[in-house]
Amino acid sequence: MKRFAFAAFIAFWASAATLLAVSLLMPAATTAQEEATVYTLQEIAEHDTAEDCWMAIEGRVYDFTEYLPSHPAPPVIMTGWCGREATEGMTTKGYGNSHSDAAWEMMAPYLIGVLAED
(Lines give C-alpha, C1' and ligand atoms only; values in the text may rest on other atoms or scores of the structure.)
Protein backbone atom coordinates (compact mmCIF):
# COMPACT_ATOMS: atom_id res chain seq x y z
CA MET A 1 0.00 0.00 0.00
CA LYS A 2 2.87 2.37 0.77
CA ARG A 3 4.31 1.80 -2.70
CA PHE A 4 0.99 2.63 -4.33
CA ALA A 5 0.62 5.83 -2.29
CA PHE A 6 4.19 6.84 -3.12
CA ALA A 7 3.66 6.14 -6.85
CA ALA A 8 0.41 8.17 -6.81
CA PHE A 9 2.22 11.01 -5.03
CA ILE A 10 5.01 11.05 -7.61
CA ALA A 11 2.55 10.80 -10.53
CA PHE A 12 0.51 13.72 -9.19
CA TRP A 13 3.51 16.03 -8.83
CA ALA A 14 4.97 14.95 -12.18
CA SER A 15 1.65 15.85 -13.83
CA ALA A 16 1.53 19.18 -12.01
CA ALA A 17 5.10 19.98 -13.09
CA THR A 18 4.29 19.06 -16.70
CA LEU A 19 1.23 21.32 -16.75
CA LEU A 20 3.24 24.17 -15.28
CA ALA A 21 6.02 23.73 -17.86
CA VAL A 22 3.52 23.66 -20.73
CA SER A 23 1.72 26.77 -19.48
CA LEU A 24 5.02 28.64 -19.22
CA LEU A 25 6.00 27.67 -22.76
CA MET A 26 2.66 28.66 -24.31
CA PRO A 27 2.27 32.27 -25.47
CA ALA A 28 -0.25 34.34 -23.58
CA ALA A 29 -3.71 33.79 -24.97
CA THR A 30 -5.62 36.80 -26.15
CA THR A 31 -9.07 36.91 -27.59
CA ALA A 32 -9.68 38.12 -31.11
CA GLN A 33 -11.84 40.88 -29.65
CA GLU A 34 -8.88 42.24 -27.65
CA GLU A 35 -6.74 42.49 -30.79
CA ALA A 36 -9.46 43.63 -33.17
CA THR A 37 -9.59 47.11 -34.59
CA VAL A 38 -12.53 49.08 -33.22
CA TYR A 39 -14.70 51.07 -35.63
CA THR A 40 -17.50 53.52 -34.99
CA LEU A 41 -20.72 53.69 -37.00
CA GLN A 42 -19.47 57.00 -38.38
CA GLU A 43 -16.34 55.30 -39.76
CA ILE A 44 -18.41 52.47 -41.23
CA ALA A 45 -20.74 55.01 -42.87
CA GLU A 46 -17.80 56.24 -44.98
CA HIS A 47 -17.76 52.85 -46.75
CA ASP A 48 -21.24 52.87 -48.26
CA THR A 49 -20.76 51.99 -51.92
CA ALA A 50 -20.40 48.81 -53.95
CA GLU A 51 -16.76 49.76 -54.52
CA ASP A 52 -16.15 50.09 -50.77
CA CYS A 53 -18.73 48.19 -48.73
CA TRP A 54 -18.42 47.77 -44.96
CA MET A 55 -21.16 46.54 -42.65
CA ALA A 56 -21.57 46.06 -38.93
CA ILE A 57 -23.31 42.80 -38.05
CA GLU A 58 -23.85 41.66 -34.47
CA GLY A 59 -21.10 43.92 -33.16
CA ARG A 60 -18.51 42.91 -35.73
CA VAL A 61 -17.37 44.90 -38.76
CA TYR A 62 -16.97 43.29 -42.18
CA ASP A 63 -15.54 44.53 -45.48
CA PHE A 64 -17.73 42.84 -48.10
CA THR A 65 -16.34 44.78 -51.08
CA GLU A 66 -14.70 41.71 -52.63
CA TYR A 67 -17.70 39.50 -51.86
CA LEU A 68 -20.42 41.61 -53.51
CA PRO A 69 -20.00 40.11 -57.01
CA SER A 70 -20.23 36.59 -55.53
CA HIS A 71 -23.44 37.17 -53.55
CA PRO A 72 -26.25 35.01 -54.97
CA ALA A 73 -28.77 37.87 -54.95
CA PRO A 74 -28.33 40.96 -57.11
CA PRO A 75 -25.69 43.36 -55.71
CA VAL A 76 -28.34 46.01 -54.99
CA ILE A 77 -29.62 43.77 -52.19
CA MET A 78 -26.33 44.10 -50.32
CA THR A 79 -25.38 47.62 -51.34
CA GLY A 80 -28.41 48.94 -49.51
CA TRP A 81 -26.73 47.80 -46.31
CA CYS A 82 -23.24 49.11 -47.10
CA GLY A 83 -22.00 51.62 -44.55
CA ARG A 84 -24.66 50.61 -42.02
CA GLU A 85 -25.46 48.35 -39.09
CA ALA A 86 -26.78 45.37 -41.06
CA THR A 87 -27.75 42.77 -38.47
CA GLU A 88 -31.38 43.12 -39.56
CA GLY A 89 -30.42 42.27 -43.13
CA MET A 90 -28.62 39.10 -42.05
CA THR A 91 -31.33 37.97 -39.65
CA THR A 92 -34.35 38.72 -41.86
CA LYS A 93 -33.12 38.86 -45.47
CA GLY A 94 -35.78 41.55 -45.77
CA TYR A 95 -38.69 39.14 -45.41
CA GLY A 96 -38.27 37.45 -42.03
CA ASN A 97 -35.96 34.50 -42.70
CA SER A 98 -32.41 34.49 -41.38
CA HIS A 99 -29.50 33.59 -43.62
CA SER A 100 -28.34 29.98 -43.40
CA ASP A 101 -25.66 28.81 -40.98
CA ALA A 102 -23.36 28.44 -43.99
CA ALA A 103 -23.91 32.09 -44.90
CA TRP A 104 -23.04 33.18 -41.35
CA GLU A 105 -19.86 31.09 -41.48
CA MET A 106 -18.89 32.54 -44.88
CA MET A 107 -18.55 35.99 -43.30
CA ALA A 108 -15.42 35.10 -41.29
CA PRO A 109 -12.83 35.95 -43.98
CA TYR A 110 -14.32 39.44 -44.36
CA LEU A 111 -14.10 40.33 -40.66
CA ILE A 112 -11.97 43.47 -40.14
CA GLY A 113 -12.85 44.57 -36.61
CA VAL A 114 -15.49 45.19 -34.00
CA LEU A 115 -18.10 47.87 -33.56
CA ALA A 116 -17.35 50.45 -30.88
CA GLU A 117 -19.66 50.29 -27.91
CA ASP A 118 -21.75 53.40 -27.31
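Taking CZ of R84 as the reference point, atom CD1 of I57 lies at 11.5 Å (rounded to 0.5 Å).
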Practice item. Would you check, one step at a time, whether the test side-chain contact (heavy atoms from CB on, under 4.5 Å) holds for E85 with L41? Key: CA-CA 7 Å; E85 206 300 321; L41 283 174; 4.2 Å; yes
Quick one: side chains of residues 69-79, donor-acceptor pairs under 3.5 Å with protein atoms, not counting sequence neighbours, listed by atom name and distance.
residue : atom : partner : partner atom : Å
H71     : ND1  : A73     : N            : 3.1
H71     : ND1  : A73     : O            : 3.4
T79     : OG1  : P75     : O            : 3.3
T79     : OG1  : V76     : O            : 3.3

Show me the side-chain donor-acceptor pairs of residues 101-116 shorter than 3.5 Å, one per line, residues at least two apart or across chains.
residue : atom : partner : partner atom : Å
W104    : NE1  : S98     : OG           : 3.3
W104    : NE1  : H99     : O            : 3.3

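For E66, there are no side chain to side chain donor-acceptor pair (under 3.5 Å) partners two or more places apart in sequence or in a different chain. Residues that satisfy the side-chain contact (heavy atoms from CB on, under 4.5 Å) test with T49, not counting sequence neighbours, are E51, D52. Not counting sequence neighbours, the partners of T40 by the side chain to side chain donor-acceptor pair (under 3.5 Å) test are Q42, E43. In this structure, T92 has no side chain to side chain donor-acceptor pair (under 3.5 Å) partners at least two apart in sequence or on a different chain.
Just one residue in the list F64, Y39, Y67 forms a ring-ring contact (aromatic ring centres under 6.0 Å, His included) with W54, and that residue is Y39.
The stretch residues 77-98 participates, sequence neighbours left out, in no ring-ring contact (aromatic ring centres under 6.0 Å, His included) pair at all. Legend: disulfide (SG to SG under 2.5 Å) pairs involving residues 46-111, not counting sequence neighbours, sorted by first then second residue: C53-C82.
Across all their heavy atoms, T65 and A50 have their closest contact at CG2-O, 3.9 Å.
Under a 3.5 Å cut-off, the side chain of R60 and the backbone N or O of A56 do not form any donor-acceptor pair.
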